[in-house]
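First comes the structure, then the notes that go with it.
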Amino acid sequence: MDRTDARLEELERRFQSAVQDLKQLRSERVAELRANWAETEHKLSALMAAAVSFLFVCSFFVWSLVGQQVDARTLPHGSDILLDQLPLIDLVPVLTIGWLSIHMLAIYVAVMYCPRRWAFILATIGLLILVRTAFVALNPVGAPPGMLSLNASYLLAPLKGILAFENEFFFSGHVAFPYLYSRVFYRIVWARRTFVALSIVMAASVVLTRNHYTMDVLGAYFITHSVYALSRWLLGWLDPERS
């Protein structure tokens, strides 16, 4: 019996040792798989970052080319019933310094509240730029009479002919971008409300300075909402917080 018990104990020790070795091997294998997936995920993230950044840069490049072509055309003035009833007010500082401040606020919200959504946000902005570029290229109407040009301001003058143009009317970018930010940051209540309010301020300002027709302002809301919906459908997989 003693020899049998000794053999059983030896077998139990061997079995326990084998189990421990198996657990260790399994742990090492799992760690190896995780490392491989992490490396793959890192490569995919880098590829996605490059693709989104490329789209974003290309949208500005296309906008610049189209803007130069549009400014080379001579377009007729249009008429607007509402503009005929409103006074002409110099709100150029609102549409330049205020415009820049809106984008700075959007960057702050994105960095502080939505760092994981940067790819979706950039891609959506790029999509809006491309859609607006197409509408500006097809727009047959020139500047409203009496327009106070923003490109004469010290802030936008260096960008004239590069990213800022005289014949970019339908639809209003000053209205579209803050409204887009309100859609992108819809889960952050204060940001959503702030950007909606800022889009309304921009809407009033571009009309009173004659930088846009009424249809440019109204169209901006409808088209931007549609672009955001399109982005959710096409690019929603870039958004880790999509619901």
Side-chain angles (χ1 to χ4, degrees), residues 55-106 124-181 195 198-224 226-227:
L55 170 64
F56 187 70
V57 172
C58 281
S59 65
F60 280 101
F61 180 72
V62 173
W63 165 250
S64 180
L65 291 180
V66 171
Q68 293 171 18
Q69 296 297 319
V70 171
D71 267 10
R73 296 186 298 173
T74 301
L75 299 175
H77 295 295
S79 61
D80 188 310
I81 297 176
L82 181 61
L83 290 187
D84 292 342
Q85 308 302 318
L86 294 175
L88 177 65
I89 302 177
D90 186 353
L91 295 174
V92 170
V94 176
L95 296 175
T96 52
I97 299 175
W99 176 235
L100 177 62
S101 300
I102 288 175
H103 293 297
M104 297 301 294
L105 177 60
T124 303
I125 294 172
L127 181 61
L128 179 63
I129 293 173
L130 290 175
V131 170
R132 183 168 184 258
T133 300
F135 275 96
V136 168
L138 296 173
N139 177 45
V141 181
M147 181 183 78
L148 300 177
S149 177
L150 304 182
N151 295 327
S153 66
Y154 69 91
L155 195 61
L156 294 185
L159 299 177
K160 184 177 180 180
I162 302 174
L163 292 176
F165 305 99
E166 294 293 342
N167 288 328
E168 48 171 296
F169 299 108
F170 189 83
F171 50 94
S172 170
H174 277 82
V175 176
F177 283 97
Y179 184 66
L180 179 67
Y181 297 147
F195 283 116
L198 289 172
S199 74
I200 295 173
V201 171
M202 290 294 111
S205 299
V206 295
V207 169
L208 292 174
T209 57
R210 302 297 191 272
N211 266 266
H212 281 287
Y213 296 96
T214 307
M215 70 172 188
D216 303 337
V217 170
L218 296 178
Y221 285 105
F222 290 98
I223 297 173
T224 302
S226 299
V227 168

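Here CG of Leu156 is found 10.0 Å from CD1 of Ile97. Values are rounded to the nearest 0.5 Å. For the atom pair CG (Leu148) and OG (Ser153), the distance works out to 11.5 Å, reported to the nearest 0.5 Å. Between the CD1 atom in Ile200 and the OG atom in Ser205 there is a gap of 11.5 Å [rounded to 0.5 Å]. Atoms CG and CZ, from Asp90 and Arg210 in turn, are 12.0 Å apart once rounded to the nearest 0.5 Å. Within the model, atoms CG of Leu82 and CE of Met215 stand 13.0 Å from one another, a figure rounded to the nearest 0.5 Å. Rounding to the nearest 0.5 Å places CD1 of Ile129 at 11.0 Å from OG1 of Thr124.
Trp99 and His103 have perpendicular rings, their planes meeting at more than 60° on a 0 to 90° scale where under 30° would count as parallel.
Here the rule is side chain to side chain contact (heavy atoms under 4.5 Å, CB included) with Phe171, and of Val136, Ile223, Asn139 only Ile223 fits it.
The minimum heavy-atom distance linking Phe195 with Pro178 is given by the pair CB-O, 3.2 Å. Nearest heavy atoms, His212 versus Leu83: O-CD1, 3.8 Å. Minimum interatomic distance between Leu150 and His174 (heavy atoms only, all atoms of both residues): CD1-CE1, 3.5 Å. Annotation for Ala143 and Asn167: closest pair N-OD1, 4.5 Å, computed over non-hydrogen atoms. The two residues Ala137 and Val70 make their nearest non-hydrogen contact at CA-CG2, 3.9 Å. For the pair Lys160 and Asn151, the tightest heavy-atom approach, listed with the atom from each and the gap, is CD-CB, 3.9 Å.
Proximity of Phe177 to Leu128: side-chain heavy atoms (C-beta onward) are separated by under 4.5 Å at one or more points. At least one side-chain heavy atom of Leu130 sits less than 4.5 Å from a side-chain heavy atom of Leu55. At a threshold of 4.5 Å between non-hydrogen side-chain atoms, the residues Met202 and Tyr179 do not count as touching.
At distances below 3.5 Å, at least one donor-acceptor pair connects side-chain atoms of Asp216 with backbone N or O atoms of Tyr213. Judged by distance alone, the side chain of Asp71 and the main-chain N or O of Phe165 form no donor-acceptor pair under 3.5 Å. For Ser64 (side chain) and Phe60 (main-chain N/O), no donor-acceptor pair under 3.5 Å exists by modelled atom type.
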Please evaluate residues Leu105 and Leu198 with respect to the criterion side chain to side chain contact (heavy atoms under 4.5 Å, CB included), reporting the C-alpha separation (whole Å), side-chain torsions for both, the decisive distance (0.1 Å), and the verdict.
CA-CA 11 Å; Leu105 177 60; Leu198 289 172; 4.2 Å; yes
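Of the N and O atoms on the side chains of Ser199 and Tyr181, not one donor lies less than 3.5 Å from an acceptor on the other residue.
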